[in-house]
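Report on the following structure.
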Amino acid sequence: MNQQLQTAFEYIRSRTDFVPRVGMTLGSGLGNFADRLDKVCEIPFEDIPGFPISTVPGHDGKFVFGMIGKTPVVCMKGRVHYYEGYDMNQVVLPARLMHACGAQMMLLTNAAGGIKDDYYPGALALITDHVSLFVKNPLIGPNDADEGVRFQDMSCPYDKELGKCVRLAAEEEGIDLKEGVYAQLTGPSFETPAEIRFLRAVGVDLVGMSTVVETIIARHMGMRVCGISLVSNLASGLSHNALSHEEVQISGKAAEEKFSRLVYNAIQRF
Ligand code: HPA
């Protein structure tokens, strides 16, 4: 464990001895899911020594520890992004911290631009695979052998059994669940129509500015990972609208009830 992680972990333990089984990251506009936990403890990021603070509107940063049914969960409400200027080690620190607290599974959520033909704003999609080629790999640097291997296998980044749990939850809740391949780009500018045509041609269905680096770190730590995107908008060039963060947030709020029902149901199957 590096010094920064150790310090942050010790601070968390000074506030709560809660041991989560699932770590969750809530994407843009989806933060209110944290209200559905039977809350045990809440820790604002700014209280944690050395912790990165999100500068993005709609990402009020805190960890919420609590139960969803019988499942102990830690929710990260508001993540930090690479485009904010943080070092990649800082960006993935929260994922490492959730693992240090005991989480064995990671449920990553995000708002994404939709590329696939049958997507619509407000659709939910299970992430089945990802493209990490456009962002700096978070494992660059000395390898911590206590955390994982130097050359991490990524042949099955998203856990098939957890994916089944999400599909079953969608069926039970009567939610139309799409599936797709997610690509993380650095942002913060949105893509051009030509970039979206390029991504579509190489098999990308969902585009965003997060998640993939967290998946890589989680897999390195041996965690099982599940990812869910909210299609907050059709990707650049696929509709007449200009893209804006406001639209992303509004779509998040509009789909929040559906998203919450899906995740609440799915986590209890993990
Ligand atoms: N592009 C990149 N990131 C995003 C988008 C998008 O269209 N929508 C939400 N996050």
Side-chain angles (χ1 to χ4, degrees), residues 24-33 54-61 76-86 88 91-92 94 107-136 138 158 177-216 227-256 258-260 262-263:
M24 258 193 94
T25 304
L26 297 170
S28 287
L30 301 171
N32 285 347
F33 179 79
S54 176
T55 58
V56 185
H59 279 255
D60 89 41
M76 178 183 183
K77 191 173 172 184
R79 51 156 73 84
V80 289
H81 300 81
Y82 189 52
Y83 61 72
E84 292 176 76
Y86 289 109
M88 206 45 105
V91 173
V92 296
L107 174 53
L108 300 169
T109 72
N110 59 54
I115 300 177
K116 217 180 198 173
D117 285 337
D118 66 339
Y119 289 177
Y120 49 88
L124 297 175
L126 179 69
I127 301 175
T128 53
D129 201 345
H130 74 217
V131 173
S132 70
L133 307 173
F134 308 110
V135 281
K136 185 176 167 189
Y158 298 91
L177 181 70
K178 308 292 188 191
E179 304 200 355
V181 175
Y182 178 95
Q184 177 175 356
L185 274 61
T186 63
S189 52
F190 287 109
E191 303 71 37
T192 64
E195 287 162 350
I196 294 300
R197 287 196 297 278
F198 166 80
L199 291 172
R200 187 201 283 270
V202 296
V204 172
D205 304 310
L206 298 152
V207 61
M209 305 175 193
S210 67
T211 304
V212 164
V213 293
E214 293 152 275
T215 298
I216 293 172
I228 300 175
S229 288
L230 159 68
V231 177
S232 56
N233 55 279
L234 295 183
S236 177
L238 301 180
S239 82
H240 297 300
N241 301 349
L243 303 188
S244 70
H245 183 60
E246 288 66 40
E247 183 190 358
V248 172
Q249 284 178 293
I250 290 166
S251 299
K253 289 280 161 271
E256 189 142 45
K258 185 171 68 161
F259 169 83
S260 289
L262 178 68
V263 171

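Both counts, for ligands and for their atoms, begin at 1 and track the order of listing. None of the values given here were measured: they were computed from a predicted structure.
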Item to complete: Using a strict cut-off of less than 4.0 Å between a Lys/Arg side-chain nitrogen and an Asp/Glu carboxylate oxygen, indicate whether E214 and R79 qualify as a salt bridge.
Response: yes
Worksheet item: Tell me, which residues have any heavy atom less than 4.0 Å from some atom of ligand 1?
Response: A111, A112, G113, F190, E191, V207, G208, M209, S232, N233, L243, V248
Discussion item. Could you check whether Y86 and H81 have their ring centres less than 6.0 Å apart?
Written reply: no
[Y] and [X], any side-chain heavy atoms less than 4.5 Å apart:
{"X": "M209", "Y": "L185", "value": "no"}
{"X": "D205", "Y": "Y182", "value": "no"}
{"X": "I196", "Y": "I115", "value": "yes"}

Fill in: Counterpart residues, ring-ring contact (aromatic ring centres under 6.0 Å, His included), relative to F190 (two or more places apart)
none
